[in-house]
Amino acid sequence: MDPNIKEAFLKYQVPIIDLDINNDAPEIIEIFQRLNRTFYSLSAIEKLSTEYAPSEFMLLAKLLTNEIKFNKDDEDDDIDIPLQFDPTIPNSFIEWSKSVKVKHYNELILNEGIFTPYELTRQVHLMFTLNILATFTGDFYNRNEFVTRYLNEYSESYEKKNLALECLERAANKILKLKLKKKSYWLNKANAFSLISLFAKNIDVVEKLDEKSLKEKLDNFENNTPADYKLAAKEAVNNKRERLLRNQYLKSILLE
């Protein structure tokens with residue numbers, strides 16, 4: 001083996017969870033039963049989540065979606081076992097995270113029915129949020145192509161993280177104030193993506209708009225949805241063309 005490769009291999013850091021319990025404890029049995037049920041292959045986002053774990057762009061997305069915990073005393077919702085502190089998270093990000101609060105975006109993404117419980121376990125909401133952040137940072141694009149670019153570009157520092165978090169929190173709060181039903185047309189993934197993106201990029205204007213008026217406009221549009229919008233919200237929803245079309249319609253009916 002090449003000496004440089006051997007050195008890199010030997011220095012590779014592997015996080016370890018040290019459970020101070022007996023190997024026949026019920027908690028251990030439960031953990032391995034869950035692991036044995038995980039028979040599926042890793043998805044693209046699950047691979048990205050691991051590969052780019054220390055990237056600040058990824059860390060912000062995980063913070064927004066409640067996918068990371070910083071304290072050793074944090075507990076899993078289902079198993080009463082302390083989690084090992086994640087050594088891949090830079091101290092600078094941990095300190096920054098203590099100065100901010102994520103509430104509304106978390107509520108919208110996790111509790112409003114945009115994603116099924118299964119999709120949440122497969123981190124579909126994390127890829128969704130990475131695309132929201134990438135669109136906020138740049139512009140519309142095809143599928144997930146800007147995500148990897150920004151994960152690399154902002155691996156050390158994402159200068160817009162304060163602005164992005166603030167705008168997404170405010171955008172999510174405005175959407176929550178509309179009091180949409182859980183199975184609302186506007187809470188399917190394609191339309192939710194378009195609403196959040198539009199609101200976040202125009203948040204100063206959006207916050208001044210009356211929620212009742214916004215809701216009525218959305219309801220009227222839903223009842224008279226143009227055929228091209230309906231198709232763009234149902235098929236090839238992650239293509240640039242479809243994303244642009246939905247954005248143009250929503251901007252015209254809500255902001256102009």
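Throughout, numbering of the chain's residues begins at 1 and tracks the sequence. Computed from a predicted model, the values in this text were never measured in an experiment.
Between the side chains of K201 and T135, no donor-acceptor pair of N or O atoms lies under 3.5 Å. Looking at T129 and Y105, their side chains do bring a donor and an acceptor atom within 3.5 Å of each other. S43 and E46 are linked by a side-chain donor-acceptor pair at a separation below 3.5 angstrom, with hydrogens and angles left out of the test.
Remark: the backbone N or O of A190 is paired with a side-chain donor or acceptor of S194 at under 3.5 angstrom. Put simply, the side chain of N144 never gets that close to the backbone of V147: no donor and acceptor are under 3.5 Å apart. Between the side chain of N188 and the main chain of N191, a donor-acceptor pair closer than 3.5 Å is present. At least one donor-acceptor pair under 3.5 Å links the side chain of K182 to the backbone N or O of N111. Looking at T225, its side chain does come within 3.5 Å of a backbone N or O of F221 through a donor-acceptor pair. With hydrogens and angles disregarded, a donor-acceptor distance shorter than 3.5 Å links the side chain of N152 to the backbone of T148. Of the possible polar contacts, one joining the W186 side chain to the L218 backbone as a donor-acceptor pair under 3.5 Å is found. No side-chain donor-acceptor contact under 3.5 Å links E67 to the backbone of A61. E166 contributes no side-chain N or O that, together with a main-chain N or O of L163, makes up a donor-acceptor pair within less than 3.5 Å. Using modelled atom types, no side-chain atom of E56 and backbone atom of S155 make a donor-acceptor pair closer than 3.5 Å.
For the salt bridge (Lys or Arg N to Asp or Glu O under 4.0 Å) condition, no pair includes a residue of residues 232-241, sequence neighbours left out. Screening residues 247-256 for side chain to side chain donor-acceptor pair (under 3.5 Å), with sequence neighbours left out, gives D228-Y249.
From S97, atom OG reaches atom NZ of K62 across 14.0 Å, with rounding to the nearest 0.5 Å. Taking CD of E216 as the reference point, atom CG of D210 lies at 8.0 Å (rounded to 0.5 Å). In this structure, L63 CG and M58 CE are separated by 13.5 Å, a value rounded to the nearest 0.5 Å. The distance from the NZ atom of K103 to the CG atom of L176 is 9.5 Å, given to the nearest 0.5 Å. Atom CG of L244 is separated from atom CG of N239 by 10.5 Å, given to the nearest 0.5 angstrom. Note: E242 CD to F140 CZ = 12.5 Å, rounded to the nearest 0.5 Å.
Other cluster members for F9: L10, joined by side-chain heavy-atom distances under 4.5 Å among Ile, Leu, Val, Met, Phe, Trp and Tyr.
Counting heavy atoms from C-beta outward, L254 and N202 have side chains that stay 4.5 Å or more apart. In this structure, L178 and K212 have side chains that are not in contact, with every pair of non-hydrogen atoms separated by 4.5 Å or more. Here the side chains of R243 and N142 are not in contact, with every heavy-atom distance at 4.5 Å or above. Side-chain atoms of N66 and I109, non-hydrogen and from C-beta on, never get closer than 4.5 Å to each other. A heavy-atom distance below 4.5 Å is found between the side chains of L168 and L133. Counting heavy atoms from C-beta outward, T65 and Q123 have side chains that stay 4.5 Å or more apart. The side-chain heavy atoms of I132 and S197, taken from C-beta on, include a pair separated by under 4.5 Å. The shortest distance between side-chain heavy atoms of L180 and K215 falls below 4.5 Å.
The two residues I196 and F128 make their nearest non-hydrogen contact at CD1-CE2, 3.9 Å. For the residue pair L59 and P90, the shortest heavy atom distance occurs at CD1-CD, 3.6 Å. Nearest heavy atoms, A200 versus A171: N-CB, 3.7 Å. Here the closest non-hydrogen pair linking D2 and N4 is OD1-N, 2.8 Å. In terms of heavy atoms, K217 sits closest to I253 at CD-O, 3.2 Å. Residue W96 comes nearest to L165 through the heavy atom pair CH2-CD1, 3.7 Å, listed as atom of the first residue, atom of the second, then distance.
A salt bridge between E51 and K47 is absent, with no side-chain N of the basic residue lying under 4.0 Å from a carboxylate O of the acidic one. Ion pairing of K189 with E119 is present here, as a side-chain N (NZ or NE/NH1/NH2) and a carboxylate O approach within less than 4.0 Å. Using a cutoff of 4.0 Å between basic side-chain nitrogens and carboxylate oxygens, K174 and E207 are not scored as salt-bridged.
In this structure F136 satisfies the ring-ring contact (aromatic ring centres under 6.0 Å, His included) test with no other residue, sequence neighbours excluded. With sequence neighbours left out, Y158 forms a ring-ring contact (aromatic ring centres under 6.0 Å, His included) with F57, Y154. Applying the side-chain hydrogen bond (donor to acceptor under 3.5 Å, both in side chains) rule to Y141 yields the partners N131; only residues at least two apart in sequence or on another chain are considered.
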Checking side chain to side chain contact (heavy atoms under 4.5 Å, CB included) for the pair F199/N173: CA distance, chi angles, key distance, verdict?
-> CA-CA 10 Å; F199 281 21; N173 187 36; over 6 Å; no

Decide side chain to side chain contact (heavy atoms under 4.5 Å, CB included) for L255 and L250; before the verdict, give the C-alpha distance in whole Å, the side-chain angles of both, and the deciding distance to 0.1 Å.
-> CA-CA 8 Å; L255 305 185; L250 291 176; over 6 Å; no

For I175 and H104, run side chain to side chain contact (heavy atoms under 4.5 Å, CB included): C-alpha distance rounded to whole Å, both residues' side-chain angles, the deciding distance at 0.1 Å, then the answer.
-> CA-CA 9 Å; I175 293 172; H104 305 300; over 6 Å; no

Passes side chain to side chain contact (heavy atoms under 4.5 Å, CB included), L126 versus L48? Steps please.
-> CA-CA 10 Å; L126 179 58; L48 284 176; over 6 Å; no

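Around CD of E222, the count of heavy atoms belonging to other residues, nucleotides or ligands within 6.0 Å exceeds 12.
Under the 4.5 Å side-chain heavy-atom criterion for grouping Ile, Leu, Val, Met, Phe, Trp and Tyr, Y229 is not connected to L231 through any hydrophobic cluster. Under the 4.5 Å side-chain contact rule for hydrophobic residues, V237 and L245 do not share a cluster.
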